[in-house]
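Throughout, residue positions are numbered sequentially from 1 according to the sequence presented.
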Amino acid sequence: MTDRRSLSERIVSHLTAVGETIACAESLTAGLVSATIADTAGASLVLRGAIVAYAADVKVALLGVPPSVVAEAGTVDPRVARAMAEGARLRLGATWGVSTTGVAGPGPAEGKPAGTVHLAVAGPRGTVTRELRLKGTRDDVRRGAAAAALELALDVMTYPAA
């Protein structure tokens, strides 16, 4: 996996060049994705904002995650990641929304093992989700999820339109 900082620099450079913006919705990463972007020179031109939504009711109220999905599957689910990314994009007025949700550990949550992560990137061409099974400490999982979210965002943003 590529270094978070270099991914962020590439994202900021790309978004600046094409006149687009990004917003983040973060659960298990608790702001690591948006902080990494904000650490990059020029981020103020492209980063619209972020919502750290750790609690289920915050995901529902601020990001528009359907309560029925949370009731059925919990918050560690690809549908939740999708709704979070789409909610961040819509509510923060960005071209792109990126989200993270999952279980950082050390133990399981919602019946899912530590290291279970769901990411999503929402944009003009739709929404892409990705599931990860990360190993390591709580910090390893959170940092790995943030790097993977940035990598997915860059891939989706720069993939040629069909």
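- A pairwise comparison of heavy atoms in A88 and A23 identifies O-CB, 3.7 Å as the closest pair.
- Of all non-hydrogen atoms in R125 and Y159, the two that sit nearest each other are NH2-O, 2.9 Å.
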Only pairs under 3.5 Å count here: list side-chain donor-acceptor contacts from residues 55-65, not counting sequence neighbours, and write none if there are none.
| residue | atom | partner | partner atom | Å |
| --- | --- | --- | --- | --- |
| K59 | NZ | S27 | OG | 2.9 |
| K59 | NZ | A53 | O | 2.7 |
| K59 | NZ | Y54 | O | 2.8 |

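- Applying the salt bridge (Lys or Arg N to Asp or Glu O under 4.0 Å) test to pairs two or more places apart or on separate chains, those with a residue in residues 70-87 are E72-R79, D77-R79, R82-E86.
- Residues T29 and E26 bring a donor and an acceptor atom of their side chains to less than 3.5 Å of each other.
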**OP:** Would you check, one step at a time, whether the test side chain to side chain contact (heavy atoms under 4.5 Å, CB included) holds for D140 with K135?
**Re:** CA-CA 7 Å; D140 293 336; K135 302 280 187 218; over 6 Å; no
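- Taking both residues in full, the closest heavy atoms of P78 and T129 are given as O-CG2, 3.9 Å, listed atom of the first, atom of the second, then distance.
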For this session: Check the pair V80 / V69 against side chain to side chain contact (heavy atoms under 4.5 Å, CB included), numbers first and verdict last.
Result: CA-CA 7 Å; V80 172; V69 172; 3.8 Å; yes
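- Residues I37 and L150 meet the side-chain proximity criterion, which asks for heavy atoms closer than 4.5 Å.
- Side-chain contact annotation: T36 with D39, donor-acceptor N/O pair under 3.5 Å absent.
- Checked against salt bridge (Lys or Arg N to Asp or Glu O under 4.0 Å), E131 has the following partners two or more places apart in sequence or in another chain: R133.
- Of the possible polar contacts, one joining the T101 side chain to the T75 backbone as a donor-acceptor pair under 3.5 Å is found.
- Around CZ of R91, the count of heavy atoms belonging to other residues, nucleotides or ligands within 6.0 Å exceeds 12.
- One hydrophobic cluster holds both V117 and V156 under the rule that ILVMFWY side chains link at heavy-atom gaps under 4.5 Å.
- Between L47 and C24, the closest heavy-atom pair is CD1-SG, 4.4 Å.
- Note: the hydrophobic cluster containing V12 also contains L15 (ILVMFWY, side chain heavy atoms under 4.5 Å, direct or indirect links).
- Placement of V121 and I22 within a single hydrophobic cluster is found when ILVMFWY residues are connected by side-chain heavy-atom separations under 4.5 Å, directly or transitively.
- Side-chain heavy atoms closer than 4.5 Å link hydrophobic residues (I, L, V, M, F, W, Y) into clusters, and following such links, even through other members, never connects I51 to L32.
- In this structure, the side chain of R89 engages the main chain of T95 through a donor-acceptor pair within 3.5 Å.
- Hydrophobic clustering, with ILVMFWY side chains joined whenever heavy atoms are under 4.5 angstrom apart, keeps V141 apart from V103.
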- Item | Evaluation steps, side chain to side chain contact (heavy atoms under 4.5 Å, CB included), between M157 and W96 | CA-CA 8 Å; M157 286 178 214; W96 300 95; 3.6 Å; yes
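- At least one donor-acceptor pair under 3.5 Å links the side chain of R48 to the backbone N or O of L92.
- S13 places no side-chain N or O within donor-acceptor distance of the main-chain N or O of E9, the cut-off being under 3.5 Å.
- V98 and A153 make their closest contact through CG2-CB, 4.4 Å (heavy atoms, listed as atom of the first residue, atom of the second, distance).
- With L132 as reference, L119 is the one residue of T116, T100, L119, L152 to meet the side chain to side chain contact (heavy atoms under 4.5 Å, CB included) rule.
- Listed here is the closest heavy atom pair of T16 and L45: CG2-CD1, 4.2 Å.
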